[in-house]
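Quick caveat, the model's predicted, so the values are computed rather than measured.
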Amino acid sequence: MKNYIIRNVAIVNEGKIEHQDILIQKGRIVKLAPIIDKLTNHKEINGEGLHLLPGVIDDQVHFREPGLTHKAQIATESKAALAGGTTSFMEMPNTVPNTLTQELLEQKYAIAEQDSWTNYSFFMGGSNDNYDEAMRTDLSKVCGLKLFMGSSTGNMLVDNAQTLEKFFGNFEGLIATHCEDEATVKANLAKYKELYPTDEVPYDIHALIRDVDACYTSSSFAVDLAQKLGTRLHILHISTAKELDLFGSSLPLAEKKITSEVCVHHLYFDAEDYKTFGTQIKCNPSIKHGQRDALLQGLLDDKLDIIATDHAPHTWEEKSGSYWQAPSGVPLVQHSLQVMLDMHLQGKISLEKVVEKMAHAPADCFKIRERGYIREGYWADLVLVNLNRPFTVTKESLEYKCGWSPFVGKTFGSTIEKTFVSGELKYDNGEFIFSEPGRRLTFCPRK
(Lines give C-alpha, C1' and ligand atoms only; values in the text may rest on other atoms or scores of the structure.)
Protein backbone atom coordinates (compact mmCIF):
# COMPACT_ATOMS: atom_id res chain seq x y z
CA MET A 1 0.00 0.00 0.00
CA LYS A 2 1.43 3.36 -1.10
CA ASN A 3 1.38 6.48 1.05
CA TYR A 4 0.47 9.87 -0.39
CA ILE A 5 0.65 13.59 0.23
CA ILE A 6 -1.76 15.74 -1.78
CA ARG A 7 -0.47 19.31 -1.81
CA ASN A 8 -2.31 22.63 -1.82
CA VAL A 9 -5.72 21.24 -2.69
CA ALA A 10 -9.09 22.84 -2.00
CA ILE A 11 -10.68 20.40 0.45
CA VAL A 12 -14.48 20.47 0.51
CA ASN A 13 -15.63 19.05 3.82
CA GLU A 14 -18.13 19.71 6.60
CA GLY A 15 -19.48 22.94 5.15
CA LYS A 16 -16.10 24.54 4.37
CA ILE A 17 -13.57 24.81 1.56
CA GLU A 18 -9.97 25.11 2.77
CA HIS A 19 -6.64 24.90 0.96
CA GLN A 20 -4.57 22.30 2.79
CA ASP A 21 -2.18 19.41 2.41
CA ILE A 22 -3.44 15.94 3.24
CA LEU A 23 -1.33 12.98 4.36
CA ILE A 24 -2.55 9.43 3.61
CA GLN A 25 -0.83 6.46 5.25
CA LYS A 26 -1.88 2.80 5.43
CA GLY A 27 -5.23 3.61 3.88
CA ARG A 28 -6.22 6.34 6.29
CA ILE A 29 -6.14 10.12 6.55
CA VAL A 30 -3.35 10.82 9.01
CA LYS A 31 -2.98 14.59 8.88
CA LEU A 32 -4.61 17.72 7.48
CA ALA A 33 -2.52 20.90 7.66
CA PRO A 34 -1.68 24.03 5.65
CA ILE A 35 1.78 22.55 5.01
CA ILE A 36 2.97 19.00 5.66
CA ASP A 37 6.72 18.40 5.68
CA LYS A 38 8.16 16.33 2.88
CA LEU A 39 8.39 12.63 3.76
CA THR A 40 10.35 9.83 2.16
CA ASN A 41 8.47 6.92 0.57
CA HIS A 42 5.42 9.09 -0.03
CA LYS A 43 4.07 9.84 -3.51
CA GLU A 44 3.27 13.53 -3.84
CA ILE A 45 0.30 14.78 -5.86
CA ASN A 46 -0.08 18.42 -6.85
CA GLY A 47 -3.62 19.48 -6.01
CA GLU A 48 -3.31 23.08 -7.16
CA GLY A 49 -6.43 24.16 -9.02
CA LEU A 50 -8.30 21.00 -7.97
CA HIS A 51 -10.92 20.18 -5.36
CA LEU A 52 -10.74 17.17 -3.04
CA LEU A 53 -14.06 15.71 -1.94
CA PRO A 54 -14.95 12.74 0.23
CA GLY A 55 -15.89 9.85 -2.04
CA VAL A 56 -19.56 9.56 -2.98
CA ILE A 57 -21.59 6.99 -1.02
CA ASP A 58 -24.48 5.75 -3.18
CA ASP A 59 -27.17 4.18 -1.03
CA GLN A 60 -29.20 2.69 -3.88
CA VAL A 61 -27.81 0.71 -6.80
CA HIS A 62 -28.79 -2.42 -8.71
CA PHE A 63 -25.66 -4.23 -9.87
CA ARG A 64 -27.65 -7.29 -11.07
CA GLU A 65 -25.45 -10.05 -9.69
CA PRO A 66 -26.33 -12.87 -9.31
CA GLY A 67 -28.83 -13.96 -11.92
CA LEU A 68 -28.96 -10.98 -14.27
CA THR A 69 -25.30 -10.77 -15.24
CA HIS A 70 -26.07 -10.24 -18.92
CA LYS A 71 -27.02 -6.70 -17.82
CA ALA A 72 -24.33 -5.96 -15.23
CA GLN A 73 -21.96 -7.41 -12.65
CA ILE A 74 -20.52 -6.17 -9.39
CA ALA A 75 -17.09 -5.93 -11.07
CA THR A 76 -18.25 -3.85 -14.05
CA GLU A 77 -20.61 -1.50 -12.22
CA SER A 78 -18.29 -0.85 -9.28
CA LYS A 79 -15.60 0.03 -11.82
CA ALA A 80 -18.00 2.51 -13.42
CA ALA A 81 -18.79 3.90 -9.97
CA LEU A 82 -15.08 4.35 -9.29
CA ALA A 83 -14.62 6.32 -12.52
CA GLY A 84 -17.40 8.64 -11.36
CA GLY A 85 -16.01 9.30 -7.90
CA THR A 86 -18.26 6.88 -6.02
CA THR A 87 -16.23 4.96 -3.43
CA SER A 88 -18.99 3.02 -1.62
CA PHE A 89 -22.31 1.54 -2.69
CA MET A 90 -25.31 -0.18 -1.13
CA GLU A 91 -26.96 -2.68 -3.43
CA MET A 92 -30.56 -3.79 -3.63
CA PRO A 93 -31.97 -7.29 -3.07
CA ASN A 94 -34.08 -7.78 -6.22
CA THR A 95 -31.43 -9.89 -7.94
CA VAL A 96 -32.17 -13.45 -9.10
CA PRO A 97 -32.76 -15.18 -6.80
CA ASN A 98 -34.07 -12.39 -4.59
CA THR A 99 -31.90 -11.81 -1.52
CA LEU A 100 -34.40 -13.19 0.97
CA THR A 101 -32.16 -15.46 3.07
CA GLN A 102 -29.00 -14.81 5.04
CA GLU A 103 -27.20 -17.41 2.91
CA LEU A 104 -28.06 -15.61 -0.32
CA LEU A 105 -27.06 -12.29 1.25
CA GLU A 106 -23.63 -13.61 2.21
CA GLN A 107 -23.16 -15.06 -1.28
CA LYS A 108 -23.36 -11.51 -2.66
CA TYR A 109 -20.83 -10.32 -0.10
CA ALA A 110 -18.51 -13.14 -1.17
CA ILE A 111 -18.65 -11.97 -4.80
CA ALA A 112 -17.91 -8.37 -3.81
CA GLU A 113 -15.06 -9.46 -1.58
CA GLN A 114 -13.31 -10.73 -4.71
CA ASP A 115 -14.54 -8.41 -7.47
CA SER A 116 -15.64 -5.01 -6.20
CA TRP A 117 -13.50 -2.00 -7.07
CA THR A 118 -15.17 0.03 -4.32
CA ASN A 119 -16.48 -0.46 -0.79
CA TYR A 120 -19.83 -2.20 -0.57
CA SER A 121 -22.87 -3.21 1.41
CA PHE A 122 -25.97 -5.18 0.44
CA PHE A 123 -29.53 -4.79 1.70
CA MET A 124 -31.40 -7.76 3.07
CA GLY A 125 -34.73 -8.15 1.31
CA GLY A 126 -38.10 -8.44 2.98
CA SER A 127 -41.14 -10.28 1.61
CA ASN A 128 -44.52 -11.46 2.82
CA ASP A 129 -42.93 -14.78 3.78
CA ASN A 130 -39.45 -14.22 5.25
CA TYR A 131 -40.00 -12.22 8.44
CA ASP A 132 -38.07 -14.57 10.74
CA GLU A 133 -35.16 -14.81 8.31
CA ALA A 134 -34.96 -11.04 7.83
CA MET A 135 -34.93 -10.48 11.59
CA ARG A 136 -31.64 -12.44 11.79
CA THR A 137 -29.80 -9.65 9.90
CA ASP A 138 -26.53 -8.51 11.52
CA LEU A 139 -26.96 -4.74 11.64
CA SER A 140 -23.26 -4.11 12.29
CA LYS A 141 -22.44 -5.61 8.88
CA VAL A 142 -25.56 -4.96 6.75
CA CYS A 143 -26.91 -1.54 5.77
CA GLY A 144 -30.59 -2.32 6.30
CA LEU A 145 -33.77 -4.04 5.16
CA LYS A 146 -35.37 -3.19 1.82
CA LEU A 147 -39.15 -3.41 1.43
CA PHE A 148 -40.94 -2.92 -1.88
CA MET A 149 -44.28 -1.26 -1.18
CA GLY A 150 -45.07 -1.36 -4.90
CA SER A 151 -44.55 -3.79 -7.78
CA SER A 152 -41.07 -5.26 -8.06
CA THR A 153 -38.97 -8.11 -9.33
CA GLY A 154 -39.87 -11.60 -8.11
CA ASN A 155 -41.46 -12.31 -4.73
CA MET A 156 -40.64 -8.99 -3.12
CA LEU A 157 -43.88 -7.02 -3.06
CA VAL A 158 -44.82 -6.66 0.62
CA ASP A 159 -48.56 -6.06 0.54
CA ASN A 160 -49.64 -7.99 3.62
CA ALA A 161 -50.64 -5.41 6.23
CA GLN A 162 -49.80 -7.65 9.20
CA THR A 163 -46.34 -8.42 7.80
CA LEU A 164 -45.64 -4.73 7.22
CA GLU A 165 -46.63 -3.91 10.80
CA LYS A 166 -44.37 -6.66 12.12
CA PHE A 167 -41.40 -5.36 10.11
CA PHE A 168 -42.07 -1.70 10.97
CA GLY A 169 -42.67 -2.49 14.62
CA ASN A 170 -39.83 -4.90 15.30
CA PHE A 171 -36.90 -4.47 12.91
CA GLU A 172 -34.26 -2.57 14.87
CA GLY A 173 -32.27 -1.26 11.91
CA LEU A 174 -33.04 1.00 8.98
CA ILE A 175 -35.93 0.01 6.71
CA ALA A 176 -35.62 1.41 3.18
CA THR A 177 -38.80 1.47 1.10
CA HIS A 178 -39.76 1.76 -2.54
CA CYS A 179 -43.12 3.54 -2.33
CA GLU A 180 -45.59 3.36 -5.20
CA ASP A 181 -49.16 2.29 -4.53
CA GLU A 182 -49.83 -0.93 -6.42
CA ALA A 183 -53.59 -0.41 -6.77
CA THR A 184 -53.14 3.08 -8.23
CA VAL A 185 -50.51 1.93 -10.72
CA LYS A 186 -52.64 -1.03 -11.84
CA ALA A 187 -55.72 1.14 -12.33
CA ASN A 188 -53.74 3.68 -14.36
CA LEU A 189 -52.13 0.91 -16.39
CA ALA A 190 -55.50 -0.62 -17.31
CA LYS A 191 -56.83 2.80 -18.31
CA TYR A 192 -53.92 3.65 -20.62
CA LYS A 193 -53.65 0.17 -22.10
CA GLU A 194 -57.23 0.60 -23.24
CA LEU A 195 -56.41 4.02 -24.70
CA TYR A 196 -53.20 2.78 -26.39
CA PRO A 197 -53.66 -0.91 -27.25
CA THR A 198 -50.80 -0.95 -29.80
CA ASP A 199 -47.08 -0.23 -29.49
CA GLU A 200 -47.65 3.35 -30.70
CA VAL A 201 -47.52 4.99 -27.30
CA PRO A 202 -46.20 8.43 -26.25
CA TYR A 203 -43.33 7.76 -23.86
CA ASP A 204 -44.44 10.33 -21.32
CA ILE A 205 -47.41 8.11 -20.58
CA HIS A 206 -45.10 6.60 -17.98
CA ALA A 207 -45.50 9.72 -15.85
CA LEU A 208 -49.29 9.26 -15.98
CA ILE A 209 -49.29 5.57 -15.15
CA ARG A 210 -46.83 5.92 -12.26
CA ASP A 211 -48.22 9.26 -11.22
CA VAL A 212 -47.96 11.62 -8.26
CA ASP A 213 -50.86 9.99 -6.42
CA ALA A 214 -49.29 6.53 -6.67
CA CYS A 215 -46.16 7.84 -4.96
CA TYR A 216 -47.88 9.98 -2.34
CA THR A 217 -50.42 7.34 -1.35
CA SER A 218 -47.68 4.83 -0.62
CA SER A 219 -45.16 7.24 0.94
CA SER A 220 -47.73 8.82 3.25
CA PHE A 221 -48.86 5.36 4.37
CA ALA A 222 -45.25 4.39 5.13
CA VAL A 223 -44.62 7.60 7.09
CA ASP A 224 -47.84 7.20 9.09
CA LEU A 225 -46.95 3.60 9.94
CA ALA A 226 -43.39 4.54 10.90
CA GLN A 227 -44.58 7.37 13.15
CA LYS A 228 -47.06 5.05 14.83
CA LEU A 229 -44.49 2.29 15.44
CA GLY A 230 -41.26 4.28 15.90
CA THR A 231 -39.59 2.81 12.81
CA ARG A 232 -36.25 4.00 11.45
CA LEU A 233 -37.64 4.61 7.95
CA HIS A 234 -35.75 5.74 4.86
CA ILE A 235 -37.87 6.37 1.75
CA LEU A 236 -36.00 5.97 -1.51
CA HIS A 237 -36.17 8.01 -4.73
CA ILE A 238 -38.71 10.72 -3.86
CA SER A 239 -40.01 12.05 -7.18
CA THR A 240 -42.87 14.47 -6.38
CA ALA A 241 -43.28 17.88 -4.79
CA LYS A 242 -46.33 16.60 -2.91
CA GLU A 243 -44.23 14.10 -0.96
CA LEU A 244 -41.97 16.84 0.42
CA ASP A 245 -44.63 17.72 3.00
CA LEU A 246 -44.06 14.31 4.58
CA PHE A 247 -40.54 15.20 5.71
CA GLY A 248 -39.14 17.65 8.22
CA SER A 249 -35.94 19.67 8.41
CA SER A 250 -35.97 20.87 12.02
CA LEU A 251 -33.74 18.06 13.35
CA PRO A 252 -30.15 17.26 12.40
CA LEU A 253 -30.01 14.26 10.09
CA ALA A 254 -28.38 12.06 12.74
CA GLU A 255 -31.45 12.57 14.96
CA LYS A 256 -34.13 11.97 12.33
CA LYS A 257 -36.18 8.77 12.50
CA ILE A 258 -37.67 9.29 9.03
CA THR A 259 -35.36 10.25 6.18
CA SER A 260 -35.54 10.47 2.41
CA GLU A 261 -33.52 10.23 -0.77
CA VAL A 262 -33.72 11.94 -4.16
CA CYS A 263 -32.03 10.58 -7.27
CA VAL A 264 -29.97 12.46 -9.82
CA HIS A 265 -32.30 11.63 -12.73
CA HIS A 266 -35.28 13.17 -10.95
CA LEU A 267 -33.22 16.31 -10.39
CA TYR A 268 -31.87 16.39 -13.96
CA PHE A 269 -34.65 15.20 -16.28
CA ASP A 270 -38.27 16.30 -16.75
CA ALA A 271 -41.09 14.43 -18.50
CA GLU A 272 -40.51 16.67 -21.54
CA ASP A 273 -37.25 14.74 -22.00
CA TYR A 274 -39.13 11.57 -22.96
CA LYS A 275 -39.41 13.17 -26.42
CA THR A 276 -35.61 13.01 -26.73
CA PHE A 277 -34.69 9.94 -24.72
CA GLY A 278 -37.78 7.73 -24.88
CA THR A 279 -37.43 4.49 -22.93
CA GLN A 280 -33.84 5.35 -22.00
CA ILE A 281 -35.25 7.36 -19.09
CA LYS A 282 -38.15 5.04 -18.27
CA CYS A 283 -37.71 4.26 -14.57
CA ASN A 284 -39.72 3.60 -11.42
CA PRO A 285 -40.79 5.92 -9.87
CA SER A 286 -41.26 7.78 -13.11
CA ILE A 287 -39.73 11.07 -14.18
CA LYS A 288 -42.75 13.36 -14.03
CA HIS A 289 -43.91 16.73 -15.33
CA GLY A 290 -42.92 19.84 -13.39
CA GLN A 291 -41.38 18.26 -10.29
CA ARG A 292 -37.68 18.92 -10.82
CA ASP A 293 -37.39 22.44 -9.38
CA ALA A 294 -39.39 21.56 -6.26
CA LEU A 295 -37.21 18.50 -5.65
CA LEU A 296 -34.06 20.60 -5.85
CA GLN A 297 -35.55 23.11 -3.41
CA GLY A 298 -36.53 20.27 -1.09
CA LEU A 299 -32.93 19.11 -1.18
CA LEU A 300 -31.62 22.60 -0.39
CA ASP A 301 -34.16 22.90 2.45
CA ASP A 302 -33.02 19.55 3.94
CA LYS A 303 -36.40 17.87 3.54
CA LEU A 304 -34.58 15.50 1.17
CA ASP A 305 -31.53 14.09 2.89
CA ILE A 306 -29.47 12.10 0.38
CA ILE A 307 -28.65 12.16 -3.34
CA ALA A 308 -28.36 8.70 -4.92
CA THR A 309 -28.73 7.08 -8.34
CA ASP A 310 -30.97 4.00 -8.27
CA HIS A 311 -28.49 2.82 -10.94
CA ALA A 312 -30.42 0.10 -12.79
CA PRO A 313 -28.90 -1.09 -16.09
CA HIS A 314 -30.62 -3.10 -18.80
CA THR A 315 -29.23 -4.12 -22.17
CA TRP A 316 -29.67 -1.80 -25.12
CA GLU A 317 -31.77 -4.48 -26.82
CA GLU A 318 -34.12 -4.59 -23.84
CA LYS A 319 -34.45 -0.81 -23.67
CA SER A 320 -34.97 -0.54 -27.44
CA GLY A 321 -38.36 -2.22 -27.27
CA SER A 322 -41.68 -0.37 -27.33
CA TYR A 323 -42.90 1.49 -24.27
CA TRP A 324 -44.95 -1.49 -23.13
CA GLN A 325 -42.01 -3.89 -23.56
CA ALA A 326 -39.00 -1.90 -22.33
CA PRO A 327 -38.04 -2.48 -18.66
CA SER A 328 -37.65 0.40 -16.22
CA GLY A 329 -34.20 1.50 -15.08
CA VAL A 330 -31.34 3.81 -16.05
CA PRO A 331 -27.54 3.37 -15.70
CA LEU A 332 -26.33 6.42 -13.77
CA VAL A 333 -23.58 5.67 -11.26
CA GLN A 334 -20.66 6.74 -13.49
CA HIS A 335 -21.89 10.33 -13.89
CA SER A 336 -23.91 11.18 -10.78
CA LEU A 337 -21.23 13.40 -9.26
CA GLN A 338 -20.65 15.21 -12.55
CA VAL A 339 -24.41 15.87 -12.83
CA MET A 340 -24.36 17.53 -9.42
CA LEU A 341 -21.12 19.40 -10.12
CA ASP A 342 -22.78 20.81 -13.24
CA MET A 343 -25.66 22.03 -11.08
CA HIS A 344 -23.06 23.68 -8.86
CA LEU A 345 -21.37 25.32 -11.85
CA GLN A 346 -24.80 26.61 -12.92
CA GLY A 347 -25.26 28.23 -9.51
CA LYS A 348 -28.06 25.92 -8.39
CA ILE A 349 -26.32 24.29 -5.42
CA SER A 350 -23.14 24.93 -3.46
CA LEU A 351 -20.18 22.57 -3.62
CA GLU A 352 -20.43 22.13 0.14
CA LYS A 353 -24.08 21.02 -0.22
CA VAL A 354 -23.19 18.51 -2.94
CA VAL A 355 -20.63 16.95 -0.61
CA GLU A 356 -23.08 16.98 2.30
CA LYS A 357 -25.81 15.17 0.35
CA MET A 358 -23.59 12.67 -1.50
CA ALA A 359 -21.04 11.76 1.21
CA HIS A 360 -21.71 13.13 4.70
CA ALA A 361 -25.46 12.45 4.75
CA PRO A 362 -25.32 8.81 3.60
CA ALA A 363 -22.63 8.15 6.23
CA ASP A 364 -24.75 9.76 8.95
CA CYS A 365 -28.05 8.26 7.77
CA PHE A 366 -26.71 4.70 7.76
CA LYS A 367 -24.21 5.27 10.62
CA ILE A 368 -21.29 4.04 8.52
CA ARG A 369 -18.05 3.68 10.44
CA GLU A 370 -15.16 6.02 9.58
CA ARG A 371 -16.23 7.00 6.07
CA GLY A 372 -18.02 9.88 4.37
CA TYR A 373 -15.84 12.66 5.78
CA ILE A 374 -12.31 13.98 5.31
CA ARG A 375 -11.19 13.57 8.92
CA GLU A 376 -7.96 12.48 10.54
CA GLY A 377 -8.26 8.78 11.39
CA TYR A 378 -10.94 8.08 8.78
CA TRP A 379 -10.45 5.85 5.77
CA ALA A 380 -9.14 7.81 2.79
CA ASP A 381 -12.11 7.52 0.41
CA LEU A 382 -11.43 10.56 -1.74
CA VAL A 383 -12.12 12.01 -5.17
CA LEU A 384 -10.03 14.69 -6.86
CA VAL A 385 -12.06 16.78 -9.32
CA ASN A 386 -11.21 19.50 -11.80
CA LEU A 387 -14.03 22.03 -12.09
CA ASN A 388 -12.32 23.77 -15.01
CA ARG A 389 -11.80 20.77 -17.28
CA PRO A 390 -14.85 19.77 -19.35
CA PHE A 391 -15.48 16.10 -20.04
CA THR A 392 -17.54 14.72 -22.93
CA VAL A 393 -19.19 11.36 -22.40
CA THR A 394 -18.61 8.89 -25.23
CA LYS A 395 -19.74 5.32 -25.66
CA GLU A 396 -16.08 4.30 -25.38
CA SER A 397 -15.73 6.06 -22.00
CA LEU A 398 -18.53 4.02 -20.41
CA GLU A 399 -17.60 1.23 -18.00
CA TYR A 400 -21.12 -0.20 -17.73
CA LYS A 401 -21.60 -3.71 -19.01
CA CYS A 402 -24.77 -2.56 -20.78
CA GLY A 403 -22.69 -0.12 -22.83
CA TRP A 404 -25.12 2.80 -23.03
CA SER A 405 -26.10 5.92 -21.10
CA PRO A 406 -28.53 8.80 -21.69
CA PHE A 407 -25.51 11.07 -21.16
CA VAL A 408 -23.57 9.90 -24.23
CA GLY A 409 -22.66 13.05 -26.18
CA LYS A 410 -23.12 15.35 -23.18
CA THR A 411 -20.23 17.57 -22.08
CA PHE A 412 -20.00 18.01 -18.33
CA GLY A 413 -18.16 21.03 -16.96
CA SER A 414 -15.97 18.96 -14.66
CA THR A 415 -13.67 15.95 -14.82
CA ILE A 416 -13.12 13.23 -12.23
CA GLU A 417 -9.32 13.04 -12.14
CA LYS A 418 -8.49 10.59 -9.34
CA THR A 419 -10.41 8.30 -6.99
CA PHE A 420 -8.96 6.76 -3.82
CA VAL A 421 -10.66 3.85 -2.06
CA SER A 422 -9.40 3.14 1.46
CA GLY A 423 -6.20 4.99 0.60
CA GLU A 424 -5.59 3.10 -2.65
CA LEU A 425 -5.38 5.19 -5.82
CA LYS A 426 -7.61 3.08 -8.07
CA TYR A 427 -8.60 5.57 -10.78
CA ASP A 428 -6.14 8.02 -12.29
CA ASN A 429 -7.27 10.09 -15.29
CA GLY A 430 -8.80 7.17 -17.15
CA GLU A 431 -6.39 4.52 -15.89
CA PHE A 432 -7.63 1.84 -13.49
CA ILE A 433 -5.39 0.18 -10.89
CA PHE A 434 -6.86 -2.91 -9.20
CA SER A 435 -4.55 -3.24 -6.22
CA GLU A 436 -7.05 -4.95 -3.93
CA PRO A 437 -10.85 -5.20 -3.74
CA GLY A 438 -12.91 -2.68 -1.81
CA ARG A 439 -13.96 -3.33 1.76
CA ARG A 440 -17.23 -4.28 3.40
CA LEU A 441 -18.88 -1.30 5.04
CA THR A 442 -19.52 -1.60 8.77
CA PHE A 443 -22.10 0.26 10.82
CA CYS A 444 -22.37 1.73 14.30
CA PRO A 445 -25.06 0.43 16.68
CA ARG A 446 -28.22 2.52 16.73
CA LYS A 447 -29.07 4.36 19.93
Side-chain angles (χ1 to χ4, degrees), residues 58 60-84 86 89-101 103-118 120-125 127 146 148 150-157 178 199 203 206 236-237 263-265 277-284 286 308-336 393-408 432 434 437-438:
D58 194 334
Q60 189 188 182
V61 302
H62 301 264
F63 282 0
R64 306 302 193 196
E65 191 170 8
L68 298 167
T69 53
H70 67 290
K71 303 174 191 277
Q73 293 173 265
I74 289 169
T76 58
E77 309 313 286
S78 64
K79 188 177 183 183
L82 180 76
T86 292
F89 66 82
M90 300 176 217
E91 207 260 358
M92 291 296 155
N94 55 331
T95 43
V96 179
N98 298 155
T99 314
L100 295 174
T101 69
E103 181 181 5
L104 289 169
L105 179 63
E106 288 305 318
Q107 286 175 12
K108 292 173 79 169
Y109 277 107
I111 296 169
E113 188 177 350
Q114 298 296 318
D115 294 346
S116 182
W117 287 81
T118 64
Y120 51 85
S121 191
F122 296 90
F123 279 90
M124 180 64 185
S127 73
K146 171 69 179 289
F148 286 88
S151 57
S152 67
T153 302
N155 182 36
M156 295 201 68
L157 173 61
H178 175 127
D199 284 348
Y203 295 118
H206 196 55
L236 304 167
H237 42 44
C263 290
V264 289
H265 49 295
F277 296 99
T279 57
Q280 285 188 63
I281 59 169
K282 181 185 178 186
C283 56
N284 302 337
S286 66
T309 63
D310 195 12
H311 172 82
H314 299 281
T315 67
W316 182 251
E317 290 72 23
E318 289 168 332
K319 290 294 272 188
S320 297
S322 70
Y323 169 75
W324 297 121
Q325 297 169 332
S328 292
V330 188
L332 291 158
V333 76
Q334 191 170 340
H335 304 108
S336 60
V393 180
T394 64
K395 195 173 187 302
E396 293 71 29
S397 70
L398 299 176
E399 297 297 331
Y400 307 136
K401 188 168 186 178
C402 69
W404 67 273
S405 163
F407 295 123
V408 168
F432 294 88
F434 194 89

If you look at every heavy atom in I281 and P406, which pair is closest and at what distance? CG2-CB, 4.3 Å

Start with the C-alpha gap between E318 and K71, add the side-chain angles, then the distance that decides, and say whether salt bridge (Lys or Arg N to Asp or Glu O under 4.0 Å) holds. CA-CA 10 Å; E318 289 168 332; K71 303 174 191 277; 2.7 Å; yes

Kindly compute the distance separating OG (S328) from NE2 (H206), expressed to the nearest 0.5 Å. 4.0 Å

Student check: side-chain heavy atoms of T76 and E399 closer than 4.5 Å: no

Testing the basics here: between P313 and P331, what is the closest heavy-atom pair and its distance to 0.1 Å? CB-CB, 4.2 Å

Give a yes or no answer on whether the side chain of T279 reaches the backbone of K319 with a donor-acceptor pair at less than 3.5 Å. yes

Looking at Q114 and F434, what are the two nearest heavy atoms and their distance? O-CZ, 3.9 Å

In terms of heavy-atom contacts, Q60 and C263 come closest through NE2-SG, 4.1 Å

So H314 and C402, do their side chains get closer than 4.5 Å, heavy atoms only? no

Could you check whether K282 makes a cation-pi contact with Y323, meaning its NZ or CZ is under 6.0 Å from the centre of the six-membered ring and within 45° of the ring axis? yes

Nearest-0.5 Å distance that lies between atom CD in E77 and atom OG in S116: 11.0 Å

Least distance between heavy atoms, A75 atom then W117 atom: O-CD1, 3.3 Å

Distance-only, no hydrogens or angles: does the K146 side chain make a donor-acceptor pair with backbone N or O of M124 under 3.5 Å? no

Test H178 against every option in N284, N94, L157 by the side-chain contact (heavy atoms from CB on, under 4.5 Å) rule and name the one that passes. N284

Spacing of CE belonging to M92 relative to CG belonging to L236, to within rounding of 0.5 Å: 5.0 Å

Find the distance between OH (Y203) and OG (S322) and round it off to the nearest 0.5 Å. 8.0 Å

Parallel, tilted or perpendicular: rings of Y120 and F89 (30°, 60°): tilted

Distance in Å, M156 CE paired with T99 OG1, rounded so as to fall on 0.5 Å steps: 7.0 Å

Compare all side-chain heavy atoms of T86 with those of S336 and state whether any distance is below 4.5 angstrom. yes

In terms of side-chain heavy atoms, does H311 have a donor or acceptor partner in R64 at a distance below 3.5 Å? no

pair Y400-V333: side-chain heavy atoms closer than 4.5 Å: yes

Between N98 (side chain) and T95 (backbone), is there a donor-acceptor pair under 3.5 Å? yes

So V408 and L398, do their side chains get closer than 4.5 Å, heavy atoms only? yes

Parallel, tilted or perpendicular, judged at 30° and 60°: which one describes the rings of H335 and F407? perpendicular

With heavy-atom distances below 4.5 Å as the criterion, would you say the side chains of H265 and L332 are in contact? yes

If only atom types and distance count, is the side chain of T69 paired as donor or acceptor with the main-chain N or O of E65 below 3.5 Å? no

Checking the side chain of E91 only, and the main-chain atoms of F63 only, is there a donor and an acceptor separated by less than 3.5 Å? yes

I74 versus F122: any side-chain heavy-atom pair under 4.5 Å? yes

Would you check if H70 and T315 make a side-chain contact, meaning some heavy-atom pair closer than 4.5 Å? yes

